[in-house]
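Order of the sequence lines fixes the chain letters, A, B, ..., with proteins taken first and strands second; residue numbering starts at 1 for each chain.
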Number of protein chains: 2
Amino acid sequence: MTRAEENYLKTIFHLGGSSSHLVSTNAIAEQMETKPSSVTDMAKKLAEKGLVEYTKYQGVSLSKTGLKTALSIVRKHRLWEVFLVETLDFSWDEVHEVAEQLEHIKSEKLIDRIDSLLGYPKFDPHGDPIPSKDGVFFEREQQLLSEMKPGSTGVCVGVKDTSSNFLKFLDKNKIALGDTIEIVEIEDFDQSLTITINGQNMSISHQIANNLYVKKQE
Amino acid sequence: MTRAEENYLKTIFHLGGSSSHLVSTNAIAEQMETKPSSVTDMAKKLAEKGLVEYTKYQGVSLSKTGLKTALSIVRKHRLWEVFLVETLDFSWDEVHEVAEQLEHIKSEKLIDRIDSLLGYPKFDPHGDPIPSKDGVFFEREQQLLSEMKPGSTGVCVGVKDTSSNFLKFLDKNKIALGDTIEIVEIEDFDQSLTITINGQNMSISHQIANNLYVKKQE
DNA sequence: AATCGTATTTGGACATGCCTAAAAATACAT
DNA sequence: ATGTATTTTTAGGCATGTCCAAATACGATT
Ligand SMILES: [Mn+2]
Ligand SMILES: [Mn+2]
Ligand SMILES: [Mn+2]
Ligand SMILES: [Mn+2]
């Protein structure tokens with residue numbers, strides 16, 4: 001399994017490529033910042049190896065073994081991210097790039113020991129679930145903050161945009177995973193929200209709310 | 001800098017390629033388990049990039065920047081080996097393969113944090129010195145146990161053969177770095193040695209003694 | 001059902017890094 | 001000094017993974 005193949009499988013997984021949903025050549029090319037013709041080439045190769053199902057002009061989806069492989073890469077990526085934050089004091093906006101490299105290190109033992117060192121974490125620094133060794137993981141209960149009604153309350157559980165820019169913005173404004181957010185009001189004019197967080201009121205734009213996942217509280 | 005280029009530079013370094021000593025195409029090929037023609041190709045490319053000096057039919061040596069790069073790879077390799085042993089409880093015969101992969105991860109910050117986490121170690125699990133960030137490292141004072149005279153005493157500081165087989169043999173016989181070894185007798189017949197180690201007498205073959213580095217004691 | 005615009009595939013090409021077989025240079029022995 | 005053995009280089013090819021430009025298929029519109 002080459003690094004390129006692993007990256008394609010991971011991308012198809014992230015784009016939701018399953019038996020029920022085919023992923024288009026263009027979507028993959030865009031996500032990977034490569035060209036559609038390259039994707040076609042690789043789709044053929046992966047189909048040849050039984051890692052994806054591929055029908056010309058239709059799109060690709062992960063096979064059973066393809067999914068297993070993709071999950072193992074995602075597992076490694078997210079565990080390394082936790083390691084970087086917890087053990088090496090990286091901030092959550094610095095870890096993705098490095099994890100993109102570390103996820104390709106080939107050693108069962110290494111990733112199992114990292115997992116154990118970290119105490120078998122269930123979520124990565126961005127709130128994304130970490131698949132277990134045998135590929136099981138829980139989709140977390142979530143909705144976008146922008147979909148909540150005034151008066152309701154939620155706990156911040158994840159981010160949709162994981163860009164360094166957005167994550168740094170959240171740091172600067174003291175918004176972190178685990179924080180409880182109450183929606184006070186939504187402006188008709190620009191959909192900006194007034195929220196209460198950590199006992200303080202603040203105003204955030206619709207775009208911010210549209211990139212924050214919360215778990216609704218009763 | 002590609003992974004292949006890094007591996008060539010590291011190999012040239014290990015073969016002692018300096019201004020005073022040219023390394024032959026064949027030697028590199030053998031060490032890297034590749035073909036001489038491939039080495040010639042790469043030698044040209046590295047010379048092109050200013051990382052080695054290369055004269056046709058003569059051999060290659062590291063340039064100043066080539067040496068710097070090689071040292072940084074060696075540094076990373078050895079720090080990762082320490083990390084695997086100290087932090088993740090790998091045994092010293094399991095770390096080399098994984099370190100061969102980890103040494104190519106590109107992140108200053110990562111290796112600096114690992115270095116700090118480990119308390120800035122000076123030697124790797126096999127007794128090899130770890131170059132500092134700016135490429136400085138101390139050649140340790142050493143000689144092969146097989147070169148010592150009966151009656152003399154030394155401290156075990158390193159291994160020449162780093163194969164898993166040899167390292168496991170040492171474990172099994174409770175010979176570890178830091179142990180004090182006294183040479184009691186050397187057999188004329190087969191050069192095997194009787195030594196005292198950890199208060200016990202034992203006999204080891206010439207081949208073993210020929211792969212153990214010790215620091216002579218007064 | 002024909003047309004048009006977009007998505008996708010094909011064909012040909014290039015860079016990297018490797019290989020084999022043959023040619024050339026060097027080293028060694030007589 | 002000459003011939004032989006060894007080392008090294010060259011030439012040509014292959015695999016991987018990428019790209020561009022041209023051809024083809026799809027699907028929405030009329
Ligand atoms: Mn990430
Ligand atoms: Mn993440
Ligand atoms: Mn090693
Ligand atoms: Mn070592």
dC18(C), dG17(D), dT18(D): which one has an atom nearest the side-chain heavy atoms of A4(B)? dC18(C)

Measure CG/D41(B) against C1'/dG13(D) and give the value in whole Å, please. 12 Å

Quiz item: cation-pi between R140(B) and F123(B), 6.0 Å / 45°: no

Filter on ring pair (Phe, Tyr, Trp, His ring centres under 6.0 Å), then keep only pairs touching residues 33-77 of chain A, sequence neighbours left out; what's left? H77(A)-H96(A)

Quick one: M42(B) CE to dA15(C) P, roughly how many Å, whole number? 16 Å

Between N26(B) and S24(B), is there a side-chain donor-acceptor contact under 3.5 Å, judged purely by atom types and distance? no

When you check the phosphate oxygens OP1 and OP2 of dC19(C), does a side-chain N or O of S38(B) lie under 4.0 Å from one of them? yes

With heavy-atom distances below 4.5 Å as the criterion, would you say the side chains of V74(A) and F13(A) are in contact? yes

Below 4.0 Å: OP1/OP2 of dG17(D) and any side-chain N or O of T2(A): yes

Interatomic distance, L46(A) CG vs dT16(D) P [rounded to whole Å]: 12 Å

When rounded to whole Å, the CD to P distance for the pair E33(A) and dT18(D) reads 13 Å

Rounded distance in Å - CD (E6(A)) to P (dT16(D)): 15 Å

Would you mind reading off the distance between M32(A) atom CE and dG17(D) atom P, rounded to a whole angstrom? 11 Å

Under 6.0 Å from the six-membered ring centre of F138(A) and within 45° of its axis: does the NZ or CZ of K122(A) meet both? no

Among dC20(D), dT16(C), dC19(C), which is the nearest nucleotide to the side chain of K35(B)? dC19(C)

dT16(C) OP1/OP2 closer than 4.0 Å to side-chain N/O of Y8(B): no

Hydrogens and angles aside, do W92(A) and D124(A) bring a side-chain donor and acceptor to less than 3.5 Å of each other? no

Output the rounded distance in Å from CD (E5(A)) to C1' (dT16(D)). 9 Å

Detail all sub-3.5 Å separations between protein N/O atoms and N/O atoms belonging to nucleotides 7-9 of chain C.
residue	atom	partner	partner atom	Å
dT8(C)	OP2	N26(A)	N	2.9
dT9(C)	OP1	Y54(A)	OH	2.3
dT9(C)	OP1	Y57(A)	N	3.0
dT9(C)	OP2	T25(A)	OG1	3.0
dT9(C)	OP2	T40(A)	OG1	2.6

Side-chain heavy-atom pair V52(B), L9(B) within 4.5 angstrom cut-off: yes

